[in-house]
Novice: 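The structure under discussion is supplied below as structure tokens; questions concerning it will follow.
All ligand and atom numbering here is 1-based and tracks the order in the structure.
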Amino acid sequence: MLELAAKVHDESRQGEAYAPFAGDPTVYRKKFYIESYGCQMNFSDSEIVASILNGEGFGATRNLEEADLVFLNTCSIREKAEQTVRKRLTDFRKMKENKPGMLIGVLGCMAERLKAKFLEEEKLVDMVVGPDAYRSLPGLIEEAETGQKAVNVLLSRDETYADISPVRLDSNGVTAFVSIMRGCNNMCSFCVVPFTRGRERSRDAHSIVHEAADLFNRGFKEVTLLGQNVDSYYWVDEATQQQGETARAVTFAELLEKVALISPDLRVRFSTSHPKDITEEVLLTMAKYENICKYIHLPIQSGNTRVLQLMNRTYTREWYLAKVDQIKRIMPDCGISSDIIAGFCTETEEEHRETISAMEHSRYDMSYMFFYSERPGTLAARRYKDDVPEDVKKRRLQEIVEVQNRLSLESNQRDIGRSFKVLIEGESKRSNDDWMGRNSQNKVIVFPKGAAEHKKGDYVWVKVNSCTQATLLGEMVTA
Ligand code: 5AD
Ligand code: SF4
């Protein structure tokens, strides 16, 4: 599959379950198992679900065989993501034949998109729960236990799960996600997210800073602030409202600063930025604090203004490229990555080549690349014909992937001879004798442990000696 050949952002991270709840296993009411698909937001939501279920006396397990409750946290972004989930449900159907008491719940975007229809299509599913309805899970489980089908797909205007402390299971103990907002108001015409995750709302800034500080106190060294569109974060602090005066609001730049100030040893990342919303103030805040990582995920989607207009992205090619130039001017060493869609409705060969030239201009360090997949109910599905033939879409995607592969290699080659401050995330997958970490620009660096006594979560300086397209290889040096 070509889509697999590309560096696929969401579907590549699938099938991860959670480590057992660190409590006394004899007190569990029941054991649950969660498998997460899709974006980082979904993985972060699964940690909220785990926390809600833990609070009700359910214990997490990694072992599907011993689970009484099996949850799939699903993604609807492309048709292929939904097919993967349906295949997985077939496996569960087989398991359930030998284990009739087992309950199966579908969570997340696919639950929201298909609602009760899911129960007709997939008869073995017992619960269908949308992204804003996780607090009702304990009640829904009780309903399902009595043999009823349980559904809650109500979207909320204010749910942010601000007070729920996510259970950091399956974690490396060094890096963690912190959700800062939910939903999306952008209405990009290709995207199903506004329909599955509802209106945009920002989480209480105090609860975000508190969660990040708590992570740091527990030994974590990096937080990634997560949202569909982090730059439009805007939280009004009602508590600051004085009589006759308006309450104070916190912008994304201010939030970034607050989190950065927790400690210079806590790295801060964020994702995802919409090019129309990332402000100069955010860029200047990034430049001001060494611990705010110099890396921006800035999806372009297409490099052609007419296609961008059809996509309802609200910026032109020139505007986007000027934003990239501004980033590089303010932070010359900032890493930039992108999301790119090949073969959107009516895209011509020339317009496709404009995407490639925009990639060359932006010199992306990395991209997530997809071919267009029509999603029912989206603006594009209603307004435009999905008229680029599949073989053309795949060929264009292949060309985009090849350009990106070259850009990634060139970007890594430019780093040879340079030294970077690296946060050690763990041992390299290939060898126990090597550490793996990331530099501020989010590049993976692998280097020998050597004789020095270092551990996961330490910062070290590493000089790059060589590279592949995906990884820098180096050796520790003194700062
Ligand atoms: N088809 C293909 N790719 C899509 N994306 C979102 N919707 C679609 C779709 N219908 C891509 C966009 C987005 C990323 C998360 O997924 O590039 O930024
Ligand atoms: Fe995440 Fe939902 Fe988007 Fe999938 S469709 S990437 S789960 S927000």
Novice: Please name all residues satisfying ring pair (Phe, Tyr, Trp, His ring centres under 6.0 Å) with Phe71, sequence neighbours left out, ordered by chain then number.
Specialist: none
Novice: Which option out of Ile300, Val193, Asp339 puts a heavy atom nearest to atom 15 (C) of ligand 1?
Specialist: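 When every heavy atom of Ile300, Val193, Asp339 is considered, Asp339 comes closest to atom 15 (C) of ligand 1.
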Novice: Is the closest N or O pair between Tyr372 and ligand 1 shorter than 3.5 Å?
Specialist: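 In fact, backbone or side chain, Tyr372 has no N or O that close.
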Novice: Got a second to check how far Ser411's OG is from Arg363's CZ, nearest 0.5 Å?
Specialist: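 One gets 8.5 Å once the value is rounded to the nearest 0.5 Å.
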Novice: How far apart are the C-alpha atoms of Leu119 and Val128, what are their side-chain angles, what is the distance that settles it, and do they pass the side-chain contact (heavy atoms from CB on, under 4.5 Å) test?
Specialist: CA-CA 8 Å; Leu119 300 173; Val128 176; 3.6 Å; yes
Novice: Is the shortest side-chain N to carboxylate O distance from Arg438 to Glu425 below 4.0 Å?
Specialist: yes
Novice: Tell me whether ligand 1 is touched by Phe371 - counting only heavy atoms on the residue side and a distance under 4.0 Å.
Specialist: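 Per 4.0 Å heavy-atom rule, Phe371 contacts ligand 1.
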Novice: Using a heavy-atom cut-off of under 4.0 Å, does the side chain or the backbone of Ile77 touch ligand 1, or both, or neither?
Specialist: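 It is both parts that get close, each with some atom under 4.0 Å.
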Novice: Under 3.5 Å between any N/O of Arg375 and any N/O of ligand 1: does that happen in this structure?
Specialist: no
Novice: Report the part of Glu374 in contact with ligand 1, treating N, CA, C, O as backbone and CB onward as side chain, heavy atoms under 4.0 Å; options are side chain, backbone, both, neither.
Specialist: neither
Novice: Would you kindly specify which portion of Phe190 sits under 4.0 Å from ligand 1, judged on non-hydrogen atoms: side chain, backbone, both or neither?
Specialist: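 It is both backbone and side chain that touch ligand 1.
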Novice: Kindly indicate whether a cation-pi arrangement holds for Lys421 with Tyr459, taking the cut-offs as under 6.0 Å to the six-membered ring centre and within 45° of the axis.
Specialist: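 Yes, Lys421 lies over the aromatic ring of Tyr459.
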